[in-house]
Each structure stands twice: as structure tokens, then as C-alpha cells.
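Data block below; observations after.
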Amino acid sequence: MKEIYFYNTLTRKKEAFLPGQSGKVGMYVCGITPYDYTHLGHARCYVVFDVIRRFLEEKNLKVKYVQNFTDIDDKIIERANSQKKPFYEVSQFFIKEYKKDIKRLGVKDPDVSPLVSEHIPEIIDAVKKLIEKGFAYEKNGSVYFRVLKFKGYGKLSGKKIEELKPGARVEVDEGKEHFLDFALWKKSKENEPFWKSPWGCGRPGWHIECSVMSMKYIGSTLDIHGGGEDLIFPHHENEIAQSEALTGVSFCRFWLHNGFVTINKEKMSKSLKNFFTLKEIFEKFSPRAVRFFLLSTHYRDPLDFSPDALKEAERMTERISRIFEIKQVSQTQDAIKKQAQDLLEGFYDALSDDLNTSVAISRFLKLVKLFNSTKSEFVFEKILNADRVLNFLTLEGKKKVLLMSEEEILKKINERDRARKEKNYELADKIREELSQKGILLEDTPQGTKWRIK
RNA sequence: GGCGCGGUAGCCAAGUGGUAAGGCGGCGGUCUGCAAAACCGCUAUUCGGAGGUUCGAAUCCUCUCCGCGCCUCCA
């Protein structure tokens with residue numbers, strides 16, 4: 001059994017992962033801003049971190065998994081105002097949709113799913129402390145973080161302050177001491193929801209909620225902080241600055257970031273209008289295939305979406321699921337047991353190597369193959385063991401629509417069986433073809449003729 | 001402009017110094033009346049290109065071409 005290694009964005013190296021205190025792992029993954037439906041890019045992130053969590057749990061580590069909802073933000077307000085609704089109706093609606101979609105992908109519920117809107121007092125406290133410590137200042141009802149005061153700014157993203165030039169891409173906000181300073185607290189404009197604070201009516205800035213909520217539920221130092229790689233800068237960089245300014249200790253030991261889902265090699269994003277929501281995807285592909293697809297490539301590499309790739313995932317997962325159709329035998333030769341055990345070990349070793357799911361899946365498929373040729377209960381159990389991490393087998397498969405009644409099908413099968421006994425193969429094949437036209441596939445097995453939907 | 005990632009067979013995809021995992025597809029076979037499913041075998045002398053280091057390189061170095069990302073909200 002190998003040690004667990006993860007690639008740490010902070011050090012740009014694979015590092016041995018050892019939990020902080022006695023087998024406990026505190027992990028925080030940045031959640032969504034619920035102002036629209038969840039898309040495939042989000043799904044990749046949460047499926048990947050779900051596998052990391054399940055894997056660590058299988059390794060007998062006690063994981064506390066925290067994932068927030070940023071339920072108050074400019075985009076939510078924008079949407080709420082355009083629909084003439086309070087912001088929380090918009091965020092609550094999309095939180096519900098997110099939970100529905102992500103559950104179908106077999107992602108376990110977080111242990112804690114904190115909402116920003118329910119942590120305003122804690123956020124105000126944190127901002128107050130940052131001001132006291134000289135890391136933040138109030139200006140016209142807003143509070144900004146004083147980036148230059150925090151040495152080490154840029155250590156996560158590898159950016160140098162001198163190289164980040166104000167201008168074209170960075171909005172120059174009057175009132176800030178330095179263009180990189182970011183809002184901890186934003187003064188509310190008219191028609192915007194607000195909370196009362198020592199600095200007047202306003203709401204939290206974007207980054208502070210993650211610092212406050214992660215440390216509230218996990219502690220000053222997280223073991224793992226995860227998210228999409230687009231969050232590295234500025235979001236996670238800012239989280240580090242705020243948190244470490246606040247506590248004086250290291251905020252997080254392992255920073256893990258997943259790569260993007262792309263379409264034609266380009267990032268799936270709203271602005272390019274090339275994104276697919278899970279809702280849309282599920283109309284064409286099963287959640288089981290989607291999960292398989294999302295794990296088929298290493299999590300840090302780009303994953304290119306295409307209908308063909310999803311179709312292949314559909315085929316593969318159907319094949320995997322067919323193991324349930326086989327009657328198991330209890331006897332297993334030692335050599336086979338050894339093979340199965342080695343494959344399972346290889347499976348976990350692959351995951352230990354910075355979550356190499358491609359290799360892990362290949363071992364998993366080998367186990368399926370071994371089971372198909374041995375029908376061994378022992379091997380079957382190894383498959384179920386591996387599936388506790390991958391979680392393909394319990395998910396919804398492809399939707400099957402029955403175009404004719406079961407009685408009708410059985411009648412046709414009987415008719416065909418009679419024809420086959422009489423060696424009237426022409427008729428038998430005609431019946432099989434007829435059923436095939438209606439999407440029914442026949443399989444002649446030693447146990448008789450079976451049928452299934454194509 | 002700064003920083004970073006990737007280019008491996010028809011396709012997807014592992015592999016950071018020891019001589020190219022795995023899957024899909026295709027081809028051949030076992031089974032079958034024929035199929036289907038499953039299983040077995042075959043399917044890259046070669047890793048974008050050019051140099052270099054080395055006994056040895058997909059893996060290290062230099063240059064170069066192509067694609068992408070971050071530097072602004074973004075999983």
C-alpha cells in the first residue's frame with residue numbers, strides 16, 4: 001500500500017498527504033453561487049472532490065467535508081432584481097436545483113453546507129478584527145483588505161504584485177489605497193439587500209465568507225481546500241491573505257484544483273455560451289455515464305466534452321452494470337483471489353498517486369473482466385469495494401423506454417422458441433428482427449432466451 | 001506583456017531516465033443454428049518538430065511549431 005500523494009498548488013509539487021491531527025481530515029471545497037443551473041464544469045469539481053473524500057474515507061480517515069453556498073452576490077442580486085424577487089428566492093431555488101442534480105451524480109452530501117447569509121455576524125467580526133490589526137480599512141461605507149500589508153501575497157498563484165498591472169483588466173475602484181485591495185464589506189446601493197454593520201448598510205465581499213465559514217467549521221488550518229483552477233486567483237489568494245492575517249497561522253496545507261471541462265478545447269463558460277447544464281445533459285445521457293466520463297481523465301487535466309465521449313461512457317457503464325446479471329459462484333481458486341487482490345491494491349495505489357482515476361478505472365475494468373470470466377463472488381466483492389469510491393454501480397443508468405408490453409414480448413419469444421425447436425430459423429430470425437425494430441434485443445443463453453432494451 | 005498547462009495509435013487515455021498501461025473502434029477466434037453478451041488474440045519500433053545530455057529519453061536540457069488557461073466574474 002502506497003502513501004497518499006496529492007499535487008499541492010501551493011508548492012507546485014506532489015506531496016505526501018498526512019492528516020493533521022490523528023486521522024482527521026478537514027476539507028473545504030468552494031461551492032457554487034446559486035444564480036443559475038449547475039453545469040458540467042461544476043459537476044466535474046464536485047464529483048472529483050467526492051471521489052477524494054470517499055477515497056480518504058476508505059483509507060479509514062475521518063473526513064469532515066464542508067462546502068458552502070455563496071447565496072448573496074452581485075449576480076444573484078442582478079437576477080433577483082430583474083425578476084422582481086428577493087435575492088433569497090433566487091438563491092434558494094438554485095440551491096435546490098443544484099442538490100437535485102448533484103445527487104443524481106452520486107455525490108455525497110457535505111457534512112456542513114453553510115450559507116453566507118447565515119454567517120453575517122461572524123463575517124462582521126472577522127472584518128472588525130482585520131481593521132484592528134491594520135490589515136483592512138474602511139472607505140465610504142465599504143471595507144477593503146490592504147494587500148500590500150500582507151507579505152506573501154501571490155504565493156498560491158505565483159503572481160508578483162509588481163507584475164499585476166492596473167488598467168485594462170483590473171477595475172480601478174476609487175477609494176481603494178491600492179488597486180489590488182479587495183472588498184471585505186461592500187456598501188449597499190439602492191435596491192440591494194443589506195445587513196447592518198459598524199460601517200453602515202452593506203453585504204460581505206466575495207472572498208471573506210469562505211475564510212470565515214471554513215475556519216468556523218474546520219479550524220484555523222484546513223487540511224484540504226479545493227475548487228476549480230479558475231479560483232486560484234484571486235479568490236483563493238485572497239482567502240489566504242485574509243485568513244492568515246486574521247489568525248497568524250497557515251490557512252491550509254493542501255490546495256487542490258481541478259482542471260476545466262472544455263468544448264473543442266475551450267473552457268466551458270457562460271460568456272462563450274458553450275456550456276451544458278446538467279439538466280440538459282441528463283436528457284441525453286445517464287448520470288452514471290456522466291460520472292464515468294468526468295472521472296475518465298486525470299482531474300487536473302482539461303476534459304474535453306463531446307457526445308461521442310459520453311456515448312462511450314454510456315457503453316462502458318452498461319457493461320460494468322451487467323455484472324449484476326451474472327449468477328455468482330462461491331468457490332474461487334487462490335490464484336484468482338490473488339489476482340483480484342492485486343487489482344484492488346493497484347486500484348488504490350493509483351488513487352494514492354494524486355488521484356489517478358484513469359489508471360484506477362482501468363484496474364476496475366480488469367476486475368469486471370475477471371469477474372465475467374470467473375463469476376467469482378470473491379471478485380464481485382472486490383468490485384463492490386472499489387465502487388464505494390467510484391460509485392458507478394448505484395447510479396441511474398440509461399433511460400429505457402419500453403415500446404411494447406412485456407406480455408407481448410414474452411409471447412413473441414415463445415413463438416420464436418417454437419420456431420427454433422422446429423429449426424425454422426427463418427421465422428425465428430424474422431421475429432428477432434421484428435423485436436429489434438422495437439428496441440428489444442434478444443440473447444439466447446443456456447438458461448433460455450433473455451431480452452433487454454437496447 | 002507576465003505566469004502556467006497540454007500536444008502519446010482512427011478516437012479516449014496512463015506513463016517524470018531502463019526500452020510504450022487500460023479502454024473504445026477495427027480485425028481474427030471461442031461460444032451460438034445465426035446472432036447478442038461475455039471471454040481470448042491481434043491492432044504505436046514510437047510519443048508535435050529540430051538539436052543536445054546519457055550506456056539508455058515520451059520522460060532531463062535548449063530552441064521551435066500548435067492548442068488552451070489565468071492575470072476581470074467564473075468550478
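All of these numbers come straight from a predicted model, not from anything done at the bench. The chains referred to below are lettered A, B, ... by the order of the sequence lines, with proteins before strands, and numbering in each begins at 1. Computed from heavy atoms alone, side chains included, the values below leave out hydrogens, waters and symmetry copies.
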*Which base sits across from B/A37 as a Watson-Crick or G-U pair, both distances under 3.5 Å?*
none
*Look at all strands and tell whether A/D301 reaches a base, only sugar-phosphate, or nothing, counting heavy atoms closer than 4.0 Å.*
sugar-phosphate
*Specify whether A/F93 and A/Y37 have parallel, tilted or perpendicular ring planes, treating 30° as the upper limit for parallel and 60° as the lower limit for perpendicular.*
perpendicular
*Pairing partner (Watson-Crick or G-U wobble, both distances under 3.5 angstrom) of B/G25*: B/U43
*Taking the six-membered ring of A/F378 (Phe, Tyr or Trp), confirm whether the NZ or CZ of A/K337 is under 6.0 Å from its centre and within 45° of its axis.*
yes
*When you get a sec, tell me which of B/A14, B/G69, B/A35 is the closest nucleotide to the side chain of A/E266?*
B/G69
*With a 4.0 Å cut-off on heavy atoms, is A/K267 in touch with a base, just the backbone sugar-phosphate, or nothing at all?*
base
_In whole Å, measure the gap between the P atoms of B/G15 and B/G6 for me._
11 Å
*Provide the distance between the two C1' atoms, one in B/A36 and one in B/G69, to the nearest whole Å.*
46 Å
Output one line per pair: protein atom, nucleotide atom from nucleotides 21-23 of chain B, and distance, for all N/O pairs under 3.5 Å.
unit_1: B/G23; atom_1: OP1; unit_2: A/K369; atom_2: NZ; d: 2.9

_Presence of A/T297 side-chain N/O under 4.0 Å of B/A13 phosphate oxygens OP1/OP2_ = yes
*A/N372 side chain N/O closer than 4.0 Å to the phosphate oxygens (OP1, OP2) of B/A37?*
no
*Watson-Crick or G-U wobble partner for B/C5, using a 3.5 Å limit on both distances?*
B/G67
*For A/G227, answer base if it contacts any base atom (sugar-phosphate contacts may also be present), sugar-phosphate if it contacts only those atoms, and nothing otherwise; contact means non-hydrogen atoms under 4.0 Å.*
sugar-phosphate
*Side chain of A/A428 - closest among B/C39, B/G33, B/C68*: B/G33
*Residue pairs involving residues 425-454 of chain A (criterion ring pair (Phe, Tyr, Trp, His ring centres under 6.0 Å); sequence neighbours excluded)*: none
_For a quick test of reading the model: is some side-chain N or O of A/R452 closer than 4.0 Å to OP1 or OP2 of B/A36?_
no
*For the residue pair A/W255 and A/H257, does the interplanar ring angle fall in the parallel (under 30°), tilted (30 to 60°) or perpendicular (over 60°) class?*
parallel
*asked:* What's the closest nucleotide to the side chain of A/Y425 if the choices are B/A75, B/G25, B/G33?
replied: B/G33
*Which base, if any, makes a Watson-Crick or G-U wobble pair with B/A20, both distances under 3.5 Å?*
none
*Report yes or no: does A/N68 contribute a side-chain atom to a donor-acceptor pair with the main-chain N or O of A/V116 at less than 3.5 Å?*
no
_Tell me which pairs pass salt bridge (charged side-chain N to carboxylate O under 4.0 Å, His left out) where either residue lies in residues 375-388 of chain A, with sequence neighbours left out._
A/E58-A/R388
Do any N or O atoms of the protein come closer than 3.5 Å to N or O atoms of nucleotides 30-32 of chain B, and which pairs are they?
none

*May I ask which nucleotide in the shown strands pairs with B/C31, Watson-Crick or G-U wobble, both distances under 3.5 Å?*
none
_Polar contact flag, side-chain donor to acceptor under 3.5 angstrom, A/Q437-A/E433_ = yes
_Separation of the P atoms in B/C65 and B/G49, to the nearest angstrom_ = 15 Å
*Between B/U16 and B/G7, how far is it from one P atom to the other, in whole Å?*
12 Å
*If you look at every strand shown and take non-hydrogen atoms under 4.0 Å, does A/H257 touch a base, only sugar-phosphate, or nothing?*
nothing
*Pick the P atom in B/A13 and in B/U19, then give their distance to the nearest Å.*
25 Å
*Look at the aromatic rings of A/F392 and A/F292 and report parallel, tilted or perpendicular, splitting at 30° and 60°.*
tilted
*Check every strand shown and say whether A/R79 touches a base, only sugar-phosphate, or nothing at a heavy-atom separation below 4.0 Å.*
nothing
_Going by side chain to side chain donor-acceptor pair (under 3.5 Å), name the pairs with one or both residues in residues 290-300 of chain A, residues two or more places apart or in two chains._
A/D50-A/R291, A/H298-A/D354, A/Y299-A/D354, A/R300-A/D354
*Under the side chain to side chain donor-acceptor pair (under 3.5 Å) rule, what pairs show up with a residue in residues 92-110 of chain A, not counting sequence neighbours?*
A/E57-A/K108, A/Q67-A/Y98, A/E97-A/K100, A/R104-A/E396
_Checking base pairs now: Watson-Crick or wobble, both atom distances under 3.5 Å. What partners B/C73?_
none
*Have a look at A/V261 and say if it touches a base, only the backbone sugar-phosphate, or nothing, with a 4.0 Å heavy-atom cut-off.*
base
_Among B/G33, B/G25, B/C73, the nucleotide that comes nearest once only the side chain of A/K75 is considered_ = B/C73
*Of all the choices, B/C73, B/A37, B/C70, which nucleotide is nearest to the side chain of A/F260 once you look at every atom?*
B/C70
*asked:* Using whole Å, what does the distance between atom C1' of nucleotide B/A75 and atom CZ of A/R44 come to?
replied: 10 Å
*Is the A/F233 ring parallel, tilted or perpendicular to the A/Y153 ring (thresholds 30°, 60°)?*
perpendicular
_Between B/A57 and B/U46 - C1' atom distance, rounded Å_ = 12 Å
*Can you tell me, in whole Å, how much space there is between the C1' of B/G26 and that of B/G10?*
9 Å
*C1' gap between B/A9 and B/A58, integer Å*: 14 Å
_Taking pairing as Watson-Crick or G-U wobble with both contacts under 3.5 Å, can you name the mate of B/U53, or confirm there isn't one?_
none
*Under 4.0 angstrom, heavy atoms only, what part of the nucleic acid is A/N356 near: base, sugar-phosphate, or nothing?*
sugar-phosphate
*Could you check whether A/G226 gets within reach of a base, just the sugar-phosphate, or nothing at all, counting any heavy atom under 4.0 Å?*
nothing
*Base, sugar-phosphate, or nothing for A/L442, non-hydrogen atoms under 4.0 angstrom?*
base
_A/H298 NE2 - B/C12 P separation (whole Å)_ = 19 Å
*With distance as the sole criterion, is a donor-acceptor pair present between the side chains of A/S436 and A/K454 under 3.5 Å?*
yes
